[in-house]
2 protein chains.
Amino acid sequence: MTEPTARPTRAQQRRLTEDRILTAARQLFAELGYDRTTIRAVASAAGVDAGLVMHYFGSKDLLFARATETADDLGEIGPGGATEALLTSLGQRLTDEPEASLAVLRSMLTNADAADRYRTAAQPQLDQLTNAIPAPDAALRASLLSAIIHGVLAERYLLRLTTLADASPDQIITLLRPCFESLTTTPPDHPA
Amino acid sequence: MTEPTARPTRAQQRRLTEDRILTAARQLFAELGYDRTTIRAVASAAGVDAGLVMHYFGSKDLLFARATETADDLGEIGPGGATEALLTSLGQRLTDEPEASLAVLRSMLTNADAADRYRTAAQPQLDQLTNAIPAPDAALRASLLSAIIHGVLAERYLLRLTTLADASPDQIITLLRPCFESLTTTPPDHPA
DNA sequence: GCGTTCATTCTACGGGCGTTGACTGATGGG
DNA sequence: CCCATCAGTCAACGCCCGTAGAATGAACGC
């Protein structure tokens, strides 16, 4: 009987190496942004040669696309449940921010392709959110909510405004709840 | 009598050229961010040689610092007037966003040095805002307000999320007012 | 066992970058 | 009128980047 951990098959090895590369890439893209992240740096962080990264991923752009593939979903949004769905999602992203999400966030701003890719990927979620908001300007409200969430994440993780970086997710969520509520619900009509 | 527009003195000429360079730099930094903006591109947009830009500004970093010098002030904030002060300032920036401000916004999110410089520059305003908020967690509230504003500006001008890019300042401000109010005022106590 | 596939490395290229310093020619003060 | 000053150009540097392709040696199918 062969040791189970003995020698990885070639396919396993390949998958392992690709994963190491992707992990390193996510970390560096998140930390430095697209431009300042070099293939050589990714390779060396993953303990391989730059040529291998090219061989496996084809180009820096493709590596970036693979590294930032992400499927953060809001899940089902019941009617009126938009606020809680958003707060839950935000809470998660404030607790353990996945590197990939940060990489997207940072790189959207420097890489036009990343921005496009993000726009396309985020549209369904934005639509879903829009549908959950009972207001004529639901689409704009949804955009504002998205902007607020990104703003908070950006200042916490990218800009590292200390007050915001040190705050607990609970504090932030408590303060933001009324905000989200006012945007997800139409105020009772009382004209002029 | 000499023609007033005849021949600019050497000092005038210098000032004019520096201005052309700074304008071009602001535009490019805002559009492309720090890394993708090259001195050569700035120079050619200003109609001069790259060497001249170095000669006048010393380095790319210094050029960036000069191009993004900005003094957007909130003005005096009376007690309880924080919401209106913020909305007014936001309204202005939604109407005619100056290039310099966009350059800062884009670059601070993608360049660590720019982020540092911004943090320092913005601290006084953040403090001012903090002092205008009557709550124990005023500092965090101020940070959140700043995050919201930046989030909205970023998605409107940098990411160009269409819904947000097309909306009128008034619409945005109307939707955001309750948000700002909930963050600048402590809700009436009603424990447990 | 053998030939092939494939993970991985090495070397090298062309290009663009920030930056430098020598150069040129107009300007302007004494 | 002359000479120092200064706006502005030009060519070159060293560096690092993304990328290509040949070389190597172990893993694997037959």
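Chain letters run A, B, ... following the sequence lines, proteins first, then strands; residues in each count from 1.
Note: CZ (A/F57) to P (D/dG18) measures 15 Å, nearest angstrom. For the pair A/D49 CG and D/dA23 P, the interatomic distance rounds to 16 Å; values are reported in whole Å. Atom CZ in B/F64 sits roughly 16 Å away from atom C1' in C/dG18 (whole-Å rounding). Atom CD1 of A/I21 is separated from atom C1' of C/dA7 by 11 Å (rounded to the nearest Å). One atom, CG of A/L52, and another, P of D/dA20, lie 15 Å apart when rounded to the nearest Å. Atom CG in B/L63 sits roughly 15 Å away from atom C1' in C/dC17 (whole-Å rounding). Going from atom CE of A/M54 over to atom C1' of C/dT11 covers 15 Å, rounded to whole Å. One interatomic measurement links the two molecules: CZ of A/R14 to C1' of D/dA26, which rounds to 16 Å at whole-angstrom precision.
You'll find the side chain of A/R141 stays beyond 4.5 Å of the side chain of A/T184, heavy atoms only.
Checked against D/dT9, C/dC17, C/dT8, the side chain of B/T38 finds its nearest nucleotide in C/dC17. In the set D/dG18, C/dT27, C/dT19, C/dT19 carries the atom at the smallest distance from any side-chain atom of B/A50. Minimum atom distance to the side chain of B/K60 is reached by C/dG18, of the listed C/dG18, D/dG8, C/dC10.
Between A/R177 and A/E84 there is a salt bridge, since a side-chain N of the basic residue sits under 4.0 Å from a carboxylate O of the acidic one.
Comparing B/R10 and B/H55 by the nucleotide of DNA chain D that holds the closest heavy atom to each, the one mapping nearer the 5' end is B/R10. Nearest-nucleotide positions on DNA chain D for A/G58 and A/R36 put A/R36 closer to the 5' end.
One side chain, B/E97 or B/S101, offers a donor N or O that lies under 3.5 Å from an acceptor on the other.
Using a 4.0 Å cut-off, no side-chain N or O of A/Q13 falls inside it from OP1 or OP2 of C/dC6. Residue B/Y56 places no side-chain N or O under 4.0 Å from the OP1 or OP2 atom of D/dC6. Using a 4.0 Å cut-off, some side-chain N or O of B/T9 falls inside it from OP1 or OP2 of C/dG28. Taking side-chain N and O atoms only, A/T17 has no distance below 4.0 Å to OP1 or OP2 of C/dA7.
Backbone-only engagement by B/I39 is indicated by non-hydrogen atom pairs under 4.0 Å involving sugar-phosphate atoms exclusively.
Scanning all heavy atoms of the two residues, the minimum distance from B/V104 to B/Y118 falls at CG1-CD1, 3.9 Å.
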*After noting the C-alpha distance and the side-chain angles of A/E69 and A/R66, does the key distance pass the side chain to side chain contact (heavy atoms under 4.5 Å, CB included) rule?*
CA-CA 5 Å; A/E69 275 171 3; A/R66 288 282 307 277; 3.6 Å; yes

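Side-chain N/O atoms of A/R40 and base N/O atoms of D/dG18 include a donor-acceptor pair closer than 3.5 Å.
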